[in-house]
There are 2 protein chains.
Amino acid sequence: MQQRSEETQSQIVKSAIKLFSTHGYTAASVDMICKDAGISKGAFYHHFGSKQTLFLALLDQWLTTIDSSIEAAHHKTVPEMFLQITEAYPYIIKTAEEGLPMFLEFWLQASRDKKIWQASITPYRRYHKYFTALIKKGVEEGSFVEVDPETASRLIVSTAMGLLLQSLLDPEGANWEKVAKESSDMLVNSLLKK
Amino acid sequence: MQQRSEETQSQIVKSAIKLFSTHGYTAASVDMICKDAGISKGAFYHHFGSKQTLFLALLDQWLTTIDSSIEAAHHKTVPEMFLQITEAYPYIIKTAEEGLPMFLEFWLQASRDKKIWQASITPYRRYHKYFTALIKKGVEEGSFVEVDPETASRLIVSTAMGLLLQSLLDPEGANWEKVAKESSDMLVNSLLKK
DNA sequence: AAAAAAATACCGACTGGTCGGTTTGTTTTA
DNA sequence: TAAAACAAACCGACCAGTCGGTATTTTTTT
């Protein structure tokens, strides 16, 4: 019983990720997901209370992987970490291409729902705090020029979000990987002490 | 005949803007818009071929106002223009708060439609070109340091989009007007020749 | 200028279909 | 054999768009 149940659940998740990212959150219907997963609607609602619940589970899973990758870089120096992020650009851009639209859509749709909003804003604020602390540490270490860590954090996150969004709007409009690298060079150059 | 017709049409547009920005593109139904405008569904479809057509008309109208405001600043020097943009932040943020979600939602929903994609990507590319030219002019004038105008343009637009998006996701999370001002100061400082 | 004709603007019930979710009944598993 | 897992028919709300017909305005005719 447990064996089959887990198999079904992971099939639902797998199909959901696939269909949410290709069709978007709204356009990917529960029926569609069930059909793709090769199960019935009854099975779906046996495992997940609602479509929203399923998405929240996906969100949670996604956040966990981010957390663990952050955890893994915990012992490095601040400039090293920034360098590592820079090197991860191709992967980040590819991941964003697939995932960002569905998260954006979900956020927009749920921005009027207090509970959902909370679920998405809490990790966002957590990452912002983490990033701010990182920059503060860099300033204290003496590797960064004296900036307001709060503002610098917003600025860096903004740049990342904006680049990702632009690459989404117009994938063929530029060599986004190159632009991302050069942009972060410009940013880091104005941040790093020489 | 013309008098009444124009009146009806502008009522539809007025209600559409109101409901699209408060409820979002999908959630604002045609019935809803008709009811708010005080007209029938028949009248709606007499004036607009579809819900999408109506939105495209709104988009067009919006772009026209942007174009004319750009036109108005055509004789100023480059640093003056950046300063002016900085001063317009409160207005920009407020406008984005109301309009950006509905445009984002529409774009996400329709991004797989060639025709719609074209209608949104063309003005985007136009503005990018304009902005790039502006920076290039600034560099040639000697007021900016030697940067690649293409990259700098992407960077600036990214920052703006990212800030707008963040302020949308978490309006209470920061004093966004202040963050926007300080961020652009940081950016312009690293761009301006001293 | 008044009547007739034509064109335009408008109404609202209706259609066909979608979607998230429920219910009822069956199979599988422990 | 009882509980968990699943299947499939079903429900009600909703929604974009249609259509036959009516009201209003403009144009043409007399």
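In what follows, chains are A, B, ... by sequence order, proteins preceding strands, each numbered from 1. If you're wondering where the values come from, they're calculated on a predicted model, not measured in any experiment.
- Taking atom CD of E6(A) as the reference point, atom P of dT29(C) lies 14 Å away to the nearest angstrom.
- For Y45(A), counting side-chain heavy atoms from C-beta on, the closest listed nucleotide (dC11(C), dA16(D), dG21(C)) is dG21(C).
- No side-chain donor-acceptor contact under 3.5 Å links T151(A) to the backbone of V147(A).
- One can place CD of E7(A) at 17 Å from C1' of dA4(D), the figure rounded to the nearest angstrom.
- Within the 3.5 Å criterion, the main-chain N or O of Y25(A) finds a donor-acceptor partner in the side chain of E105(A).
- You'll find that the side chain of D31(A) is closest to dG20(C), out of dG20(C), dC10(C), dA16(D).
- Residue S5(A) places at least one side-chain N or O closer than 4.0 Å to OP1 or OP2 of dA5(D).
- Separating the CZ atom of F20(B) from the P atom of dC15(D) is a distance of 12 Å, rounded to the nearest angstrom.
- In this structure, F55(A) atom CZ and dG20(C) atom P are separated by 14 Å, rounded to whole Å.
- The backbone N or O of V157(B) sits nowhere less than 3.5 Å from a side-chain atom of Q166(A) that would complete a donor-acceptor pair.
- Listed nucleotides dG17(D), dG20(C), dC6(D) differ in distance to S29(A); the shortest reach to its side chain belongs to dG20(C).
- When each of M32(A) and G49(A) is assigned the nucleotide of DNA chain C with its nearest heavy atom, M32(A) is the one assigned upstream, toward the 5' end.
- Atom-to-atom, CG of L54(B) to C1' of dA16(D) comes out at 13 Å; the value is rounded to the nearest Å.
- Look at T8(B) and you'll find a side-chain N or O under 4.0 angstrom from OP1 or OP2 of dC10(C).
- In this entry the distance linking CD1 of I39(B) with P of dC11(C) reads 7 Å, nearest Å.
- Between K35(A) atom NZ and dA8(D) atom P the separation is 13 Å, expressed in whole Å.
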Exercise for the section: Begin from the C-alpha positions of F103(A) and F20(A) and carry the test ring-ring contact (aromatic ring centres under 6.0 Å, His included) through to its verdict. Expected result: CA-CA 9 Å; F103(A) 284 114; F20(A) 279 153; 9.3 Å; no
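- The side chain of S40(A) approaches dA8(D) more closely than any other nucleotide in the set dA8(D), dA16(D), dG20(C).
- Residues T122(A) and W117(A) are not in side-chain contact: their nearest non-hydrogen atoms beyond the backbone lie 4.5 Å or more apart.
- Between H46(B) and dC11(C) there is no side-chain N or O to OP1 or OP2 distance below 4.0 Å.
- Rounding to whole angstrom units, CD of residue Q52(A) and C1' of dG21(C) are separated by 13 Å.
- Side-chain atoms of K41(B) come within donor-acceptor range of the base of dA16(D), with a qualifying N/O pair under 3.5 Å.
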